[in-house]
Amino acid sequence: MHILYLLGPDTGAGVNRGTERTKGMDLAQLREQLDQIDERIVELYEERMEICSQVADYKIETGKKVLDKAREEEKLRKVRSLAHSEFNACGVQELFEQIMAMSRKLQYNRLSQQGAYGKLPFIAVDRLEAGQARVVFQGAEGAYSQLAMERYFGDGINSFHVDSFRDAMCAIEEGSADYAVLPIENSTAGIVNEIYDLLAEFENYIVGEQIIKIEHCLLGLPGTDLTQICTVLSHPQSLMQSARYLSVHDGWKQISMQNNAFAARKVSEDGDHSQAAIAGEQAAKIYGLDILERGVNQSDTNSTRFIIVTNQKIFLKDAKKVSLCLEVPHESGSLYHILSHFIYNNLNMTKIESRPIEGRNWEYRFFIDFEGNLADGAVKNALRGLREEARNMRILGNY
């Protein structure tokens, strides 16, 4: 027992240390082999890309498209067949999808350097011509859209208002207005779906944006007491943003209106002390209403982003954000490959939204915002790749 006690721990430790050294040596040798293979892979990759550059030169001369879908599908089938297991076949396919994607991006860049794509159909301007312009906003006098318009263009701008977002888009498309001011996103309620759909439908373009801090007020006829109120009118999003406040008054009936200012105007016109509206302070001043409660929306940081839209393909020279919409093939990995154009060109994508495509079940149109200017080389290169590989890609504006 005494001998076992002395030898046992030392012998075991010696064996363990020897095993660890052996394993360490084996791992080092394996890593050395991997390093050698990786060097060969890099060498072959660079050789392949050099040939791809020559392919781009050929396509410049012949006018052929960069993306050859049939050729790529044939290539993927072939490399899959060379693998010796299904696991490896899947890995090889993913690897070659990436290699071919990088090849396309190199070819787009090469085409761009050779000027093979020409110029984008947008004109850079120093400023928007707002002096003699007519601006349309949706709603009535006192709407947040009117406030956004005045913040962006200044007081005294020649303006008029319409009942619906569609009417505003039609006004600039037809030329009865030069610009439209439309809400596209609220920090609490999210995007305005209808605006995204209209941007895809109409040939109008975003040239600016204005963010307005939202403070909803409960408005009533002069002399109205909270105990008299039975009905509250407002836009559905404003009602949702004020849900916490309204839950305290759960006996009040809520009625959705097309616009907050419409709600304020109705309360004023009806002369009914049992009605109140949720709208902004400006609406109270215009329609002669009292502010019964301020800040009924639950968020102190509630803001709405408005876009300035025109029918001209223009952008300010100092614009910093690009918006576009596109569709992608309804197949595995298609969105992933589309988004890789932003990564390759080192562009910061700040937003992506999706909207269902009418008449095509379970297919979606994507709306993307990213930082950049249409005059930038990286932006041009990304857009060329997107235009060739996406379906129905449209630039919605640079602002």
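In this text the structure is predicted, and so the values were computed from the model without any measurement.
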Side chains of [X] and [Y]: closer than 4.5 Å at any heavy-atom pair?
{"X": "E209", "Y": "I308", "answer": "no"}
{"X": "K253", "Y": "C230", "answer": "no"}
{"X": "L199", "Y": "I307", "answer": "yes"}
{"X": "I338", "Y": "F366", "answer": "no"}
{"X": "I314", "Y": "Y205", "answer": "no"}
{"X": "H235", "Y": "M257", "answer": "no"}

Among the clusters formed by ILVMFWY side chains lying less than 4.5 Å apart, do I184 and V136 turn up in the same one?
-> yes
Could you state whether I278 and V267 fall into the same hydrophobic cluster, counting links through intermediate Ile, Leu, Val, Met, Phe, Trp or Tyr residues with side-chain heavy atoms under 4.5 angstrom apart?
-> no
Matching residue for Y108 among R387, K380, H341, E389 - test: side-chain hydrogen bond (donor to acceptor under 3.5 Å, both in side chains) | E389
side-chain hydrogen bond (donor to acceptor under 3.5 Å, both in side chains) with R104: of E72, E388, H337, only one passes, and it is E72
Do the side chain of [X] and the main chain of [Y] share a donor and acceptor less than 3.5 angstrom apart?
{"X": "D270", "Y": "D272", "result": "no"}
{"X": "T188", "Y": "Q241", "result": "no"}
{"X": "N186", "Y": "A189", "result": "yes"}
{"X": "Q138", "Y": "V162", "result": "no"}
{"X": "S242", "Y": "L239", "result": "no"}
{"X": "S334", "Y": "P329", "result": "yes"}

How close do L326 and A390 get, heavy atom to heavy atom, and via which atoms?
-> CB-CB, 4.1 Å
For the residue pair M169 and N204, what are the closest heavy atoms and their distance?
-> O-ND2, 3.3 Å
Establish, from distance only, whether the side-chain atoms of [X] and [Y] form a donor-acceptor pair under 3.5 Å.
{"X": "Y144", "Y": "H216", "value": "yes"}
{"X": "S299", "Y": "N297", "value": "no"}
{"X": "K213", "Y": "T304", "value": "no"}
{"X": "S164", "Y": "D167", "value": "yes"}
{"X": "Q93", "Y": "E97", "value": "yes"}
{"X": "E173", "Y": "N311", "value": "no"}
{"X": "S234", "Y": "N260", "value": "yes"}
{"X": "Q107", "Y": "K59", "value": "yes"}

Per side chain to side chain contact (heavy atoms under 4.5 Å, CB included), Q146 is matched among R151, Q282, H161 by Q282
Who are the side chain to side chain contact (heavy atoms under 4.5 Å, CB included) partners of S268, not counting sequence neighbours?
-> Y287, L289
Strictly below 4.0 Å, N to O, side chains only: are [X] and [Y] in salt-bridge contact?
{"X": "E281", "Y": "R294", "value": "yes"}
{"X": "R360", "Y": "E327", "value": "yes"}
{"X": "R80", "Y": "E86", "value": "yes"}

Nearest 0.5 Å, please: how far is [atom2] in [Y] from [atom1] in [X]?
{"X": "E185", "Y": "D369", "atom1": "CD", "atom2": "CG", "result": "8.0 Å"}
{"X": "N259", "Y": "L233", "atom1": "CG", "atom2": "CG", "result": "12.5 Å"}
{"X": "R365", "Y": "M393", "atom1": "CZ", "atom2": "CE", "result": "14.0 Å"}

Set of residues satisfying ring pair (Phe, Tyr, Trp, His ring centres under 6.0 Å) with respect to Y245, sequence neighbours excluded | H249
Dump the intermediate steps for ring-ring contact (aromatic ring centres under 6.0 Å, His included) on Y179 and F153, then the final yes or no.
-> CA-CA 10 Å; Y179 303 102; F153 290 102; 5.4 Å; yes
Candidate pair K351 and E353, rule salt bridge (Lys or Arg N to Asp or Glu O under 4.0 Å), full reasoning | CA-CA 7 Å; K351 189 175 188 63; E353 298 284 351; 3.0 Å; yes
Should we count CZ of F160 as having more than 12 external heavy atoms under 6.0 Å?
-> yes
Counting heavy atoms not belonging to K64, are there more than 12 under 6.0 Å from its NZ?
-> no
